[in-house]
Amino acid sequence: DFLTKLGVSIVIGIIFLGTILFFFYGFFYNIYSSPALILLIFVVIFIFLFWLSRNYLTKFFAGLSKFDLFFSIVLLIFSFWLMFQSFSYSSADSTFKIGSHLWSDFGSHIPLMRSFSLGYNFPPQFPLFSGENSRYHFMFYFLAGILEKLGGSLAYSLNLISSLGFWAMLLMIYGFAKKIFNGAKSVGALAVVMTLFNSSLTFINYFQKHNLFSILTIKEIINNPSFISNAPYDPHDTIATFWNLNIYLNQRHLAFSFAAALLIIFVCYETFWLQKKYKLGQFILITAIFVLLPFWHSQVFVMALVITFLISLL
């Protein structure tokens, strides 16, 4: 499926790009004094790989339906809007613009990224606990920081890989749902929609206080600056904060890590359920993704490990 392959390619590309740049950062740091050289090397590699796979790419795009093309573009635009709207940098007053619900997490994320872009943080230490080896999955923020070091804006660098990671997760959800339900596009689209919307029942409490059929209510929802339900800070509400999209905005590495986990689970599904025969090189690639996943999100790695173990038993 075209969109599944697209999501997979984003996951593999970001993981290996970050790993290669981290290897050079740790052992050949002087090369970062010439960022133009690094960018030139990657451009040459990209052109070479593009030329090698030109025939495959023709077949790759051939099976794309109009609906898949339209749906993927809509998801791409939404992903970029979501990330860039919540975090930016104003050069006019030299200030980061951060969503009101993001500041707590970004109070640690920004120092972590800047420890790589403005300093030499190897072996990685968490800036808030200097002197201790990092026990936090740092690679996503390393990649954002190193892109700033190569000449980009920190906000643009983080938003770019956050948008691509979120997009890859949605593409994987869409493709996986289609695969399970025999190519039903409606099921794939519904799976994405249900992922994006709040999964709790807080809307019932909300519409008890607001008129469901009022235009003012719609405007209030669109312009709402805070959580509809904010327990335990508000004892009269239910605890539903983490059912919102804010979890992907606060923890920018989460959506990308979910996409990587879905890739691993997708391979398990095809291997054990559909009896698909993967080539040795493909299994080595998936194993490499699995091994590197703890550096991107250790909890998601544990989730993928447990799921893979249970699927193999079944």
Side-chain angles (χ1 to χ4, degrees), residues 9-50 76-99 102-103 105-122 124 126-127 134 136-169 248-257 259-260 292 295-297:
S9 66
I10 293 172
V11 170
I12 293 175
I14 289 180
I15 284 184
F16 281 100
L17 175 64
T19 302
I20 293 170
L21 288 175
F22 184 69
F23 176 79
F24 283 115
Y25 181 84
F27 301 101
F28 302 98
Y29 182 72
N30 291 333
I31 197 173
Y32 284 99
S33 60
S34 304
L37 176 62
I38 296 179
L39 294 173
L40 179 62
I41 292 173
F42 277 102
V43 167
V44 171
I45 293 174
F46 174 79
I47 293 174
F48 176 70
L49 292 176
F50 187 84
L76 177 64
I77 294 173
F78 177 77
S79 300
F80 272 80
W81 171 82
L82 187 68
M83 298 301 170
F84 277 84
Q85 192 74 7
S86 57
F87 179 55
S88 61
Y89 180 77
S90 173
S91 56
D93 51 3
S94 302
T95 305
F96 284 114
K97 305 293 185 181
I98 305 175
L102 302 181
W103 62 267
D105 289 84
F106 274 71
S108 62
H109 294 337
I110 292 176
L112 181 59
M113 292 183 283
R114 281 283 165 87
S115 71
F116 296 113
S117 62
L118 302 183
Y120 180 64
N121 187 6
F122 187 87
F126 198 61
S134 177
Y136 189 79
H137 26 261
F138 59 87
M139 194 68 88
F140 191 88
Y141 298 103
F142 162 80
L143 182 56
I146 219 65
L147 290 177
E148 182 190 27
K149 191 176 187 66
L150 293 175
S153 161
L154 180 65
Y156 279 9
S157 300
L158 179 63
N159 287 333
L160 175 62
I161 57 177
S162 300
S163 302
L164 291 175
F166 189 76
W167 188 40
M169 181 190 74
Y248 300 113
L249 297 174
N250 288 55
Q251 300 289 326
R252 290 298 184 91
H253 51 310
L254 182 61
F256 169 77
S257 304
L292 294 171
F295 298 99
W296 298 82
H297 204 296

Which residues pass the ring-ring contact (aromatic ring centres under 6.0 Å, His included) test with [X], not counting sequence neighbours?
X: Phe87; answer: Phe96, Phe106
X: Phe166; answer: Tyr248
X: Phe295; answer: none

Salt bridge (charged side-chain N to carboxylate O under 4.0 Å, His left out) pairs, two or more places apart, involving residues 137-153 =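 Sorted result for residues 137-153: Arg114-Glu148.
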Quick check for you: to the nearest 0.5 Å, what is the distance between [X] atom [atom1] and [Y] atom [atom2]?
X: Met83; Y: Leu158; atom1: CE; atom2: CG; result: 8.5 Å
X: Ile15; Y: Leu143; atom1: CD1; atom2: CG; result: 11.0 Å
X: Leu150; Y: Leu21; atom1: CG; atom2: CG; result: 6.5 Å
X: Tyr141; Y: Ser157; atom1: OH; atom2: OG; result: 14.0 Å
X: Leu147; Y: Leu39; atom1: CG; atom2: CG; result: 9.0 Å
X: Ile161; Y: Tyr156; atom1: CD1; atom2: OH; result: 15.5 Å

Where the side chain of [X] meets the backbone of [Y], is there a donor-acceptor pair that is under 3.5 Å apart?
X: His253; Y: Gly165; answer: no
X: Ser115; Y: Leu112; answer: yes
X: Ser88; Y: Phe84; answer: no
X: Ser134; Y: Tyr136; answer: yes
X: Tyr25; Y: Asn121; answer: yes

Does CZ belonging to Phe24 count more than 12 external heavy atoms closer than 6.0 Å?
->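 12 or below, so no.
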Phe78, CZ atom: more than 12 neighbouring heavy atoms under 6.0 Å |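 Yes, because the 6.0 Å sphere around CZ of Phe78 holds more than 12 heavy atoms from other groups.
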Please list, one pair per line, the donor and acceptor atoms closer than 3.5 Å that link side chains of residues 41-50 to other protein atoms, with sequence neighbours excluded.
none

Can you list the residues that meet the side-chain contact (heavy atoms from CB on, under 4.5 Å) rule with Ser108, with sequence neighbours excluded?
->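 Phe126, Leu128.
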Side chain proximity check, [X] to [Y], heavy atoms < 4.5 angstrom:
X: Leu154; Y: Tyr89; result: no
X: Tyr32; Y: Ile146; result: yes
X: Arg252; Y: Asn159; result: yes
X: His109; Y: Gln251; result: yes
X: His137; Y: Trp296; result: no

Check: Phe22 ring centre within less than 6.0 Å of Phe122 ring centre =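 Yes: the rings meet the under 6.0 Å criterion.
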Using every non-hydrogen atom in the two residues, find where [X] and [Y] come nearest and quote the distance to one decimal.
X: Lys97; Y: Ser90; result: CE-CB, 3.6 Å
X: Ile10; Y: Leu164; result: CG2-O, 3.6 Å
X: Leu102; Y: Ser86; result: CD1-O, 3.3 Å
X: Gly145; Y: Ser117; result: O-CB, 3.0 Å
X: Met169; Y: Ala255; result: CB-O, 3.5 Å

Verify whether one side chain among Asn30 and Ser33 offers a donor that lies under 3.5 Å from an acceptor in the other.
->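 Per modelled atom types, Asn30 and Ser33 side chains form no pair under 3.5 Å.
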Please work out which of the three classes, parallel, tilted or perpendicular, describes the rings of Phe140 and Phe256, given edges at 30° and 60°.
-> tilted
